[in-house]
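Hydrogens, waters and symmetry mates are skipped; everything else that's a heavy atom, side chains included, is used. Lettering follows sequence order; numbering is per chain, from 1.
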Amino acid sequence: MYLRSRFFKAGCGVERCMEKFVLLIPMIPILIALILGFVKNKEFIPKVSIGLSGLIALLALYGTYFVMSRDTAIEGFGGLVIYNELSAILVPYVAILGLVIRKYAAKYLWDEAGYQRFFILLNFIFSAIYLLVMSNNLIVLALAWQLMSISLYMLVSFNVGSKTAVSNARWTLIIHKGADLVFLFAVILTYKTFGSFDLGVLSAEWLEMSHSPVENPMIFVIGLLYLIAAMMKSAIMPFHIWLPYTSEAPTPVSALMHAGVVNVGGILLNKMAYLLLLTPAVLNIAFVVGLVTAIFASLVMLVVSDIKRSLGYSTVGQMGYMIMEVGLGAFSLAIYHLMVHGIFKATLFLESGGLVRLARHESNLPKRLSYELFWEEKLKSSSSKLFNYIAFFTILPVVAFIGIKLVLGEEFFHFNASIVILAFAWLTGTQLFLSFFKVSKSESLKVILALVSSFIVILFTYEFIGLSLEHFIYGKDAVLFYEAATLNVTLAMSLAVIAVIMIVGWLFMYKQHFVDIPGERVPISHSKWLFYKLLVKEGYYFEILRLFRKEKR
Amino acid sequence: MIANLVFLVLAGGLPYYLLLERRRGMHPKYIFALSALLLLGAVVLSLELPNTHAPMMVLIAFVNAIFTLYRAAKTTNFYKLGYYLIFLNAPFFILFEEQGAIYSVSMLVSLTGIFLIGRFYEKHYGSANYHYITGVTLATPSIATLLTLYLVALALYPPLPNALFFLSHILNAEPNLLWYAVVITLFVGNFVLAMRVMTKTLFGQPNPNIHYVHLSSGETMPHVAVLIALLALSIIGFQEVIL
């Protein structure tokens, strides 16, 4: 009776309030876990799990349709849970990802001990993620935050018989528990300062406060605590060490971790977006920390010898990029980034097993569609025409587009700090573009066109998709985030930074794609060697820890 | 003042286990049971007597908790772990007064589960020491499930009741320096002790020298009762923390 009265408004029957069932999404995985506990037949375990998880995906899609068509959020349980624009984007994404992972795990883990245990634990972590995304109350958020920590630990240490798996999972446990403690303090201080746990009420209050100067230093402390908690969960330096060392977790767990769990930091910061409006300093800190993480982790990724650790650092780098986007006020872009990265990384993990299996039967690299598209095309000598067409048909219309926009809409370059995002987006795009086509030192014009084309493609993508998400999730308030996060960089400075990045990138691409005849052996400089060693040793992280332990003895 | 001292002793604010451990014939099982009964007595008394304490009392209990944490980090005995956890959580009872009582009840229920597991180990493996009983997850999944639930409850993870009552009380309190010290110590201390047990006995490969035994139906029933109690407390905890 109590639940029913909180769930449905007075006079709201089942037929009229179908959308309220969407709010039950976080509880459905718990029910699935309980049901699975009683399923004795092994074959039924994945069927029950996938079938009922499909129901969650359908509910999520219905909820998204409702939110988009009615332009209103679905609230229930006394305002504790909400299915708003953010949920409408993320919950279907997580639900569909969950289906793919369960389908994969059904066969992958068939011969492993603890098959039933895996599916039960998987449902707990999905419940935590849904609750975290859909929570409209800081207490509910705190509960989901902590539930995710223990569920993740149980999954990461799934191979209980392996000493290294259990030992490495300990890092996950410790860092996530630290994040729980920091988050709890942030929640306590938020309540003490603002007098409410309701995120809707708090967001409105924060938005109101943003119109006048903020003088309370406690607000900065609260913002910083939320940022630190997000950094710990999202493996941002210096709290990144737990992610690369979870390679002994089952592949479906790795896929879930890199595609779903590690994104919770970005999701939390999006929920606290209006608070961060009041703390530009915290946004600036997020930008710097994200930038350092993105660069350092991406470099370490290139030098570590272990492929799984390399993927781990790749994810750390992408999370740094995501936090950097938050630091620049591009909250919705962070959501877009984490989704796209999640799909890409999950695909990578889930494909890896099949690739290894094929490689065992093939004398050369296995021929698959992605191989033919991304590699063989690169080796063909007569790709220049296609290349020219693409370069021409991307550059020309976009030049016209930018010209019109510059004339009619000056706000395109208004938020200078955002240009830094575009620079990094360009770096990403160039790598993608050049994986299609072979260019070399002798084809200077082609290289230039390739770089500019890739920049434009990414610009379009970020412009349209990023802005669409921004308008959907934040509406007019999005402008305020950019204003709060601005680094007071002038247009000239940001264009100069972009130009430097493009020139450095251009030089790098030339060196990469030109195969020279080796001449005299040039000794490596000491500074280069030290830098390389710093990367290989992953920033001497474990050496520093061992130092503390030695001192303790 | 006398009432404060009584509460301090009953709730485990003073390490009287040091005296009991030195007594011959005082098995850790009995120290566990005695400590639990005394804490229960403190909870009952707190319903009748005013349970407000001077900061000095909290400080004494806090120092005792730190010392107990140090001792508990070295033990591999379920019974000892049980009463160490009682003493570790004493500052919470003393600091949070009436609200600390329900948290203590929830903790006692979880510790009852640990006590039952300890008794199971003692009956089938010779003692309540879990040091060499590794790989329980692989060998006896049912015991592992129960032990995991009790340990997760003690480690203050939701949705189990200890975490809910803990959260409910700390959200409504007025923090000061001592408050922060107590909360952090309890939050970290409970977690460290509980997770330590998990890695030592639940994980790893089963010991080939041990004949692992599954729970009989008679042994399962008390655990079911404990789980039902935990579920009921979780529901109460949810209502407390949300409302």
- Query: Any chance OH of B:Tyr180 has more than 12 other-residue heavy atoms, nucleotides or ligands included, within less than 6.0 Å?
  - Reply: yes
- Query: Are more than 12 heavy atoms from other residues, nucleotides or ligands located less than 6.0 Å from atom CZ of B:Arg71?
  - Reply: yes
- Straight-line distance of A:Ile150 CD1 to B:Leu156 CG, nearest 0.5 Å: 11.0 Å
- Query: Rounded to the nearest 0.5 Å, how far does OG of A:Ser167 lie from CZ of B:Phe203?
  - Reply: 12.0 Å
- Task: Starting from the C-alpha separation in whole Å, work towards a yes-or-no answer on side-chain contact (heavy atoms from CB on, under 4.5 Å) for A:Asp180 and B:Phe191.
- Result: CA-CA 12 Å; A:Asp180 294 345; B:Phe191 161 75; over 6 Å; no
- Verdict with supporting geometry, B:Leu138 and A:Val160, side-chain contact (heavy atoms from CB on, under 4.5 Å): CA-CA 8 Å; B:Leu138 296 173; A:Val160 295; 3.6 Å; yes
- Any chance you could measure B:Thr148, atom OG1, to A:Met154, atom CE, to the nearest 0.5 Å? 4.5 Å
- Side chain, backbone, both or neither: which part of A:Lys163 has an atom under 4.5 Å from a heavy atom of chain B? neither
- Query: Which atom pair, heavy atoms only, marks the closest approach of B:Leu167 to A:Ala142?
  - Reply: CD2-CB, 4.5 Å
- Query: Between CZ of A:Phe197 and CG of B:Leu171, what distance do you get to the nearest 0.5 Å?
  - Reply: 4.5 Å
- Message: Taking side chain as everything from C-beta outward and backbone as N, CA, C, O, which of these in A:Leu147 sits under 4.5 Å from a heavy atom of chain B? Side chain, backbone, both or neither.
- Response: both
- Message: Working to the nearest 0.5 angstrom, can you tell me the gap between B:Met198 CE and A:Leu173 CG?
- Response: 8.5 Å
- Validation row: B:Ile242, A:Phe77 side chains within 4.5 angstrom (heavy atoms): no
- Name the region of B:Ala163, side chain, backbone, both or neither, that has any atom closer than 4.5 Å to a heavy atom of chain A. neither
- Note on the structure: The interface call for A:Leu189 against chain B, heavy-atom contacts under 4.5 Å, is side chain
- Note on the structure: Distance col, row B:Phe238:CZ vs A:Ile139:CD1, nearest 0.5 angstrom, shows 11.0 Å
- Side chain / backbone / both / neither for B:Ile170 at chain A, heavy atoms under 4.5 Å: both
- Atom group of B:Val241 that falls short of 4.5 Å from chain A, counting heavy atoms: both
- For the student: nearest non-hydrogen atoms of A:Gln146 and B:Tyr157, plus distance: O-CD2, 3.5 Å
- Message: For B:Met221, I'd like to know if atom CE has over 12 heavy atoms of other residues, nucleotides or ligands within 6.0 Å.
- Response: no
